[in-house]
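What follows is a short report on a single structure.
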Amino acid sequence: GGPFVLSQAPISVANPAFRIGLSANQNLSHSTYTKIAYTYVRSDVGGYFDNTTNYRYQPLIAGYYQFNAAQMDLSDIDVYDYELRFYMNGLSHTASRLRRVGVTNGDSYASVINLNDVIHMNGTTDYIEVYARAISEDGSGTVILYGHPAAAETCYFSGVLISRTS
C-alpha cells in the first residue's frame, strides 16, 4: 500500500471548541436578564452546543474551559448600564458590566461588552449560557443585541477545553 493521505485535518472530539453567534438581532426588555438565543454556529467540535432549544453549551468532557462572549448594543436609546453574564447550571456565575453616566442621544450605540472566564465543567450535567441586561436612562425602550452571521467577528460566544480533568 501507498502512503495514507488525508484530504482534511482529523477532528478530535477530545479537544472540544465552539464559536457561535446570533443569526438575527435579539431584543431585550428594560432591566431584565434575558438569555441570548444563539443560533448561528460557526464551529462546534463535538457538537455540544444546543442552538435550537436551550441555547447552551454542555460538553461531555470534564475539564477547565476558557469561555468568551462579546455582544454589541445596537439600540438607539440611552443605555447607561449594560451587563453580560455567564450562567452555569441556571445560576449567575461571571459578570461583566459597562456603565456610563449621563448618556444622551444613543451614546452607547455600537458599544461592545466582553466577558471571559475559565470555568470547570464536570462533563455530564454542567452547562453554560449567556445572559444580557440593559437599563436605559429613562427606564424604558427596547435594547437591541446585534445579530447577523456577518457580526460573528464582534458578537459571539466561544469556548475551548484547555485542561482535561478526566
Side-chain angles (χ1 to χ4, degrees), residues 3-29 32-74 79 81-99 108 110-134 143-166:
F4 182 72
V5 178
L6 296 174
S7 61
Q8 292 183 333
I11 295 174
S12 173
V13 177
N15 296 302
F18 71 98
R19 184 176 177 111
I20 47 105
L22 285 170
S23 295
N25 292 347
Q26 181 177 336
N27 293 344
L28 296 180
S29 296
T32 303
Y33 287 99
T34 304
K35 185 191 309 187
I36 301 178
Y38 295 108
T39 57
Y40 173 69
V41 177
R42 185 172 205 168
S43 62
D44 186 7
V45 176
Y48 300 131
F49 191 82
D50 176 355
N51 70 325
T52 59
T53 308
N54 294 309
Y55 311 107
R56 64 188 184 196
Y57 187 70
Q58 188 170 0
L60 299 180
I61 297 174
Y64 291 91
Y65 288 76
Q66 170 71 53
F67 291 110
N68 309 290
Q71 195 58 55
M72 181 185 292
D73 170 16
L74 198 62
V79 175
D81 196 359
Y82 189 31
E83 280 190 50
L84 204 56
R85 291 180 177 248
F86 289 135
Y87 273 53
M88 183 171 178
N89 303 328
L91 301 173
S92 180
H93 186 279
T94 308
S96 182
R97 186 175 191 181
L98 176 63
R99 185 175 172 96
S108 295
S111 293
V112 176
I113 189 169
N114 294 281
L115 178 64
N116 309 286
D117 201 356
V118 173
I119 300 173
H120 183 266
M121 306 293 283
N122 66 15
T124 54
T125 58
D126 285 346
Y127 61 90
I128 294 288
E129 304 161 305
V130 179
Y131 279 71
R133 178 195 56 89
V143 174
I144 302 168
L145 299 179
Y146 183 39
H148 185 278
E153 301 301 322
T154 55
C155 306
Y156 61 87
F157 176 27
S158 68
V160 61
L161 175 65
I162 57 174
S163 180
R164 284 182 77 122
T165 57
S166 66

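When a residue number appears, it is its place in the shown sequence, counting from 1. The figures here come from the full heavy-atom set of this structure, side chains too, leaving out hydrogens, waters and symmetry mates.
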Nearest atoms (heavy-atom pairs only) where [X] meets [Y]:
| X | Y | result |
| --- | --- | --- |
| Gln71 | Leu22 | NE2-CD1, 3.8 Å |
| Ile113 | Leu84 | O-CD2, 3.7 Å |
| Tyr48 | Pro16 | CE1-CB, 3.7 Å |
| Tyr82 | Asp73 | OH-N, 3.8 Å |
| Gln26 | Ala37 | OE1-N, 2.8 Å |
| Leu145 | Ala132 | CD1-CB, 4.1 Å |

Indicate yes or no: at least one non-hydrogen side-chain atom of [X] is less than 4.5 angstrom from one of [Y].
| X | Y | value |
| --- | --- | --- |
| Met121 | Met88 | yes |
| Tyr87 | Lys35 | no |
| Asn68 | Tyr156 | yes |
| Ser111 | Leu98 | yes |
| Ile128 | Ile119 | yes |

Fill in: Which residues share a side chain to side chain donor-acceptor pair (under 3.5 Å) with Thr125, sequence neighbours left out
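Thr125: side chain to side chain donor-acceptor pair (under 3.5 Å) contacts with Asn122.
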Discussion item. Once side chain to side chain donor-acceptor pair (under 3.5 Å) is applied, do any residues pair with Ser96, and if so which ones, sequence neighbours excluded?
Written reply: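 None.
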Practice prompt. Begin from the C-alpha positions of Tyr33 and Leu28 and carry the test side chain to side chain contact (heavy atoms under 4.5 Å, CB included) through to its verdict.
Written response: CA-CA 8 Å; Tyr33 287 99; Leu28 296 180; over 6 Å; no
Worksheet entry | Phe18 and its ring pair (Phe, Tyr, Trp, His ring centres under 6.0 Å) partner, picked from Phe157, Tyr65, Tyr40, Tyr38 |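 Among Phe157, Tyr65, Tyr40, Tyr38, the one that satisfies the ring pair (Phe, Tyr, Trp, His ring centres under 6.0 Å) with Phe18 is Phe157.
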Under 3.5 Å donor-acceptor, [X] side chain and [Y] backbone:
| X | Y | result |
| --- | --- | --- |
| Asp44 | Phe49 | yes |
| Asn89 | Tyr127 | yes |
| Asn25 | Gly147 | yes |

Fill in: Ile162 vs Tyr64, side chain to side chain contact (heavy atoms under 4.5 Å, CB included): CA-CA, chis, key distance, verdict
CA-CA 6 Å; Ile162 57 174; Tyr64 291 91; 4.1 Å; yes
Worksheet item: About how many Å separate CZ of Arg164 and CD1 of Ile61, when rounded to the nearest 0.5 Å?
Response: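 Between Ile61 CD1 and Arg164 CZ, I get 4.5 Å after rounding to 0.5 Å.
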Worksheet item: Could you go step by step and tell me if Arg133 and Val143 meet the side chain to side chain contact (heavy atoms under 4.5 Å, CB included) rule?
Response: CA-CA 9 Å; Arg133 178 195 56 89; Val143 174; over 6 Å; no
Worksheet item: For Arg85 and Tyr131, does a side-chain donor sit closer than 3.5 Å to a side-chain acceptor?
Response: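 Not at all, the side chains of Arg85 and Tyr131 share no donor-acceptor pair under 3.5 Å.
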